[in-house]
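In what follows, a single structure is set out as C-alpha cells and then discussed.
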Amino acid sequence: MNMIIPGIHHVTAIAGDAQRNLDFYTGVLGLRLVKLTVNYDAPDTYHLYYGDGQGRPGTILTFFPWPGAPRGRLGTGQATLVSFSVPALSLDYWQQRLSERGIEARGSYQRFGEASIKFADPDGLPLELVANGDSDSQFVWEKSTVPVEFAIRGFSGVTLTEAGYEQTAALLGEVLGFRVQGEAGSRFRFEAGAGGPGTRVDVESVSDEARGRVAVGTVHHVAWRVTDDDAQRFWLEDLDRRGYNVSAVRDRLYFHSIYFHEPGGVLFEIATDPPGFAVDEPSEALGSKLVLPSWYESQRDLIEATLPRLILPLTAENPWRS
Ligand code: ZN
C-alpha cells in the first residue's frame, strides 16, 4: 500500500457573491469551472470547484459562497495565502492583466529563489502567482481566457500562519512525511511526495497576530491527496491513534474525505484522488450545468429555485463580461 501523501488535493475557501467569484476565477485567472454543485451540508448554497482542464488533484480551488455573510479575519490558525504556479517569465503578462482589470498586485519579489506577485480576490482572499511552472501546457483548459503559455498550472503551495510552528511542523514532518525544504526568517517550507509545485506548505510563525476567523475571504480547509481508500484508512487509523479527532469517511462524490484539525487550528482534510470529477458528467462538459448528488436529486426544483441564478463561466469564446 502506498500511503505517501503526494501533495495538495484541493483548497476550499469562503466567497461572498457566487457570480463575482465565478467571473474572477474563470474570467480573470482563467481557471476552468470543473464542477457546479451545492454544499452537501447546506444544499441551499453553491459549491464551486475550479481547476485545470481536467480538474486534476493539485489544481482544485473550491468555494462555498455565503452571500451577505461578513468578511472573515486573516490570522493565526489559518491558511492565509494560496499560491498558484505559473510558467517562468509570465509575471509581466499577469501584472498587466491584473492591472488592466483594476486589481492591484504587489511584487514581483523573490521567495526561496522564485519570483512571485501577490494580490487578492474580490473578497480579499490573498493569492500569489509563483513563476515556477512547467512550460508543458497539456492540462491547461483550451477555452481559458488566459493564453496557454501564461496559464496557471495548478497550486504552488499554501501558507499556514501559526502562533507557534513547532507542533504543526512536527505533524507535517514526523507524521505526514513532509520534508523541510527551506527556512527564511519565520517561514518554514515543507514539501510532500516528489516535491515542487503542488506539494508545498509554508508554515509562517507569528507571535503577535490575532487568531483568524473563517468567513468570507478566508480559507476554510486544506485537503491533502492520497491515492486510494486504503491509504486514507491508514491515515484515519494512524491519526486517531495519535489522538487527533478524525472524522469518519465522508463521500464527497468526486473524492472521499476525512477531516481533522492540525495542532495550530487549521482544518485539514485527506482526500482520495479517485473517482474524480468525470464521475457524473463527461470531462468535456465539466462545470456546464448544476449537478446534484443522487440524494438531493428529488429536491432539484426546490434547490434550483432557492439558489441565486448564475451566468455561466467566462471562456475564450465569451470573454467579454466583467
Ligand atoms: Zn475539502
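Counting convention: from 1, in listed order, for ligands and their atoms alike. Position 1 is the first residue of the sequence, and the numbers go up from there.
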Test log, rule salt bridge (Lys or Arg N to Asp or Glu O under 4.0 Å), inputs D228 and R233 = CA-CA 9 Å; D228 56 26; R233 197 169 308 113; over 6 Å; no
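- Among the atoms of H220, no N, O or S atom is found under 2.8 Å from the Zn ion (ligand 1).
- Inspection of the E100 and Q96 side chains reveals an N or O donor paired with an N or O acceptor under 3.5 Å.
- Among heteroatoms of the N, O or S kind in E269, OE1 lies nearest the Zn ion (ligand 1).
- No cation-pi contact links R153 to F139, judged by a cut-off of 6.0 Å to the six-membered ring centre and 45° from its axis.
- Here the options are L22, N21, V216, the test is side chain to side chain contact (heavy atoms under 4.5 Å, CB included), and the partner is F63; only N21 passes.
- For H10, the nearest N, O or S atom to the Zn ion (ligand 1) falls under 2.8 Å.
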